[in-house]
Number of protein chains: 2
Amino acid sequence: MAILETISSIDTSPRHPIRLVANRTGLTVDLIRAWEKRYQVVEPARSDTQRRLYSDYDIERLRLIRIAKQAGRRLADIATLPLESLRDVVSEESRYGETREAPEVHRPSWSTFPEDEASAETLDAMLYAIQTMDQHRFDQLLQENLVKHSLPAFLEKTLAPLLSEIGEATRSGGMRIAHEHMATAHLRTFLGALRFRETFTGTEPRIVITTPTGQLHELGALMVAALVSIDGWMPVYLGPNTPADEIAACVQQCSARAVSLSLTYPADDPRIPTELARLKSQLDEKVTVFVGGAAASVHGDLIHRLGLQAPTSLKELRDHLQQLRDLAYQRKVS
Amino acid sequence: MAILETISSIDTSPRHPIRLVANRTGLTVDLIRAWEKRYQVVEPARSDTQRRLYSDYDIERLRLIRIAKQAGRRLADIATLPLESLRDVVSEESRYGETREAPEVHRPSWSTFPEDEASAETLDAMLYAIQTMDQHRFDQLLQENLVKHSLPAFLEKTLAPLLSEIGEATRSGGMRIAHEHMATAHLRTFLGALRFRETFTGTEPRIVITTPTGQLHELGALMVAALVSIDGWMPVYLGPNTPADEIAACVQQCSARAVSLSLTYPADDPRIPTELARLKSQLDEKVTVFVGGAAASVHGDLIHRLGLQAPTSLKELRDHLQQLRDLAYQRKVS
DNA sequence: GCAAGTTTGTCCCAGTTTTGTCCAGACATT
DNA sequence: AATGTCTGGACAAAACTGGGACAAACTTGC
């Protein structure tokens with residue numbers, strides 16, 4: 001048990017009250033306790049007055065178990081599985097009935113890798129797979145890496161570096177455009193599918209995710225969509241290149257609580273300021289707008305003036321969103 | 001023929017409850033039991049409390065049997081066939097079978113008879129999901145529909161009509177750009193993931209799939225990629241908007257046997273003729289180039305002159321590829 | 001073309017297992 | 001004081017099982 005905790009990079013410190021867990025997982029308080037009583041699905045720590053205290057790790061497990069149940073699994077079969085195996089079970093489902101590739105899931109070898117070394121190593125392996133046009137190997141590497149890390153860690157420690165390496169190599173001529181295309185197309189698929197490992201209860205607050213007119217690169221936006229969906233938000237993903245008016249209309253129709261825009265290239269497109277201003281003017285005050293991506297810093301001034309948010313990392317975005325959501329929770333409670 | 005296909009083996013360990021099997025195959029729980037009772041279609045293991053436990057092998061068989069049934073087979077004829085024979089039956093069906101009309105078996109609730117009505121119904125449901133920005137419902141409908149049909153049927157009978165309806169509605173103003181964006185983004189993900197339902201042995205001939213410079217719509221290309229992969233080809237998918245030189249380089253590096261290009265919009269882009277000619281001039285004679293998509297007919301003349309192939313339907317493309325592959329196989333044997 | 005027989009999806013039953021919800025009384029938190 | 005959490009248990013709904021019934025659609029024989 002303790003071994004598992006050191007592998008997974010998810011926070012295992014117990015701090016969340018049961019109500020919050022219920023809220024975030026979409027389960028009822030009663031049900032969480034019943035599962036604990038019957039199958040020891042989770043065994044949360046206790047406060048000095050016997051209140052249950054759950055960790056992020058626990059929440060993640062409960063969330064996965066809920067998904068697996070919905071797919072038709074029986075509780076007894078999955079209740080005590082460790083997080084990694086649960087991820088396997090769920091991802092097997094999300095790919096619907098296809099045949100698996102690597103039966104040897106429990107390979108002790110990877111538990112010995114120190115995090116960073118493994119990253120550099122897999123990064124090279126991925127780049128090699130791209131250079132040799134080995135799409136299948138590339139996919140395999142991505143899958144493996146995702147299973148090893150939590151999603152946020154995967155995005156930040158593997159995907160972000162990979163993207164910048166690809167960009168670099170393409171610019172410098174070390175990689176053909178064809179290779180870059182192949183990698184991008186594949187990542188587009190991979191990231192898109194990530195979002196659907198989660199299921200939604202319908203009660204999650206919504207966030208509209210897209211890129212403004214002229215911005216054709218959507219990988220950043222997709223990363224946000226995937227990330228956000230494991231934190232109890234429901235992303236409404238519009239793809240790239242959406243006019244401000246359309247974004248606003250979408251926010252309205254979905255009663256979304258937030259918008260996330262991703263800016264990468266071209267950084268100095270003259271339409272950006274116009275579109276941002278236009279969007280802001282059409283939105284309710286209560287809707288938070290996040291602007292991220294490599295090119296966001298170029299427009300820092302404008303973003304500040306319009307009262308938009310400009311998180312500098314995925315983690316910052318995540319924290320801000322948590323706050324936004326838990327705020328709603330507080331309001332509902334009191 | 002059959003020898004090559006038996007390479008990939010499916011897990012036969014019993015672990016799935018009946019509900020999950022029902023979810024994945026699209027059959028009712030009742031029906032699965034009835035089939036077992038009458039023909040021993042599958043004989044699942046049992047848990048210690050008599051619950052049925054199915055293996056991946058069982059699930060795959062049930063899926064194939066369902067498809068075969070839908071094509072008009074009688075249960076008694078196929079109930080006890082081993083997996084490989086079932087695959088043969090089904091693949092034969094999906095290639096030639098759609099034209100038959102007599103077999104009108106029964107009409108279970110999940111059957112799509114009468115063909116057109118039911119199709120129109122799901123199509124409406126999908127359009128409604130899009131209009132209400134209900135991404136999840138949309139995904140659900142797509143999944144359901146895919147389970148019900150074989151992949152080729154799904155692409156031709158559901159996806160193609162859906163795409164043209166969306167295009168129509170957007171042009172006429174009945175649908176917002178935001179809705180179209182949402183639907184397109186989602187379909188991009190959905191189609192991309194389809195390709196990975198198949199497993200590859202690495203011995204399949206390769207086909208490079210993309211769209212030429214200026215053509216930004218990739219859904220058609222993705223459909224081809226998905227389709228081709230169930231017919232024993234390995235797609236090398238490059239995404240949209242790839243310059244001719246890069247396509248040629250990719251073909252070379254992968255020693256691909258064929259190229260598939262998709263043309264949709266803009267139909268009269270002046271770069272198209274140049275790019276096609278340029279591509280053709282750089283390729284080996286033995287590489288077959290297919291040009292498809294709504295805008296392909298505009299360039300019929302040129303395509304013919306360059307000696308490219310212009311299949312008018314997915315089925316035609318499929319037949320041609322099949323021929324190509326068998327030809328190569330013959331050569332290898334003799 | 002019609003009647004008799006078959007095939008097949010669905011439904012109902014009664015008995016068991018699994019699972020979600022609810023309650024009561026004690027204690028904690030705000 | 002009002003609200004939320006805790007434990008332990010009770011209860012009911014849902015799901016699964018074997019068996020059988022039934023009607024609709026299909027096939028066969030005449």
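Heavy-atom basis, side chains included; hydrogens, waters and symmetry copies ignored. Numbered from 1 within each chain, the chains take letters A, B, ... in sequence-line order.
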>> Tell me if the aromatic rings of B/H186 and A/Y237 count as close, with their centers under 6.0 Å from one another.
In response: no

> Just to confirm, is there a sub-4.0 Å distance from OP1 or OP2 of C/dT19 to any side-chain nitrogen or oxygen of A/Y39?
Replying inline: yes

> How long is the line joining CG of B/L20 and P of D/dA15, in whole Å?
Replying inline: 15 Å

> Whole-Å distance between D/dA13 C1' and A/L31 CG?
Replying inline: 14 Å

>> Which nucleotide wins on minimum distance to the side chain of A/A34, given the candidates D/dT5, C/dT10, C/dT21?
In response: C/dT21

>> Output the rounded distance in Å from CZ (B/R74) to P (D/dT27).
In response: 7 Å

> Could you give the CG-to-C1' distance, from B/L75 to D/dA25, as a whole number of Å?
Replying inline: 15 Å

> Are B/R15 and A/E92 ion-paired here, with the side-chain N under 4.0 Å from a carboxylate O?
Replying inline: yes

> Quick one: on DNA chain C, does A/T28 or A/S47 contact a more 5' nucleotide (nearest heavy atom)?
Replying inline: A/T28

>> If I take atom CZ in residue A/R73 and atom P in nucleotide D/dA15, what distance separates them, rounded to the nearest angstrom?
In response: 17 Å

> Can you name the residues that form a side chain to side chain contact (heavy atoms under 4.5 Å, CB included) with B/R19, not counting sequence neighbours?
Replying inline: B/N23, B/V29

> Is it true that B/E36 and B/R52 have a side-chain N and a carboxylate O under 4.0 angstrom from each other?
Replying inline: yes

> To the nearest angstrom, how far is B/I32 atom CD1 from D/dC16 atom C1'?
Replying inline: 12 Å

> Taking the side chain from A/R61 and the backbone from A/L81, do they hold a donor-acceptor pair closer than 3.5 Å?
Replying inline: yes

> Are B/K37 and B/E43 ion-paired here, with the side-chain N under 4.0 Å from a carboxylate O?
Replying inline: no

>> Between C1' on D/dG4 and CG on A/N23, what's the gap in Å once rounded to a whole number?
In response: 14 Å

> So which heavy atom on A/L283 is nearest to which on A/V287, and how close?
Replying inline: CD1-CG1, 4.1 Å

>> One character per nucleotide, please: for nucleotides 17-22 of chain D, 5' to 3', B when the base has a protein heavy atom closer than 4.0 Å, S when only the sugar-phosphate does, - otherwise.
In response: BSBBB-

> Taking CG from B/D48 and P from C/dT16, how many angstroms apart are they, rounded to a whole number?
Replying inline: 17 Å

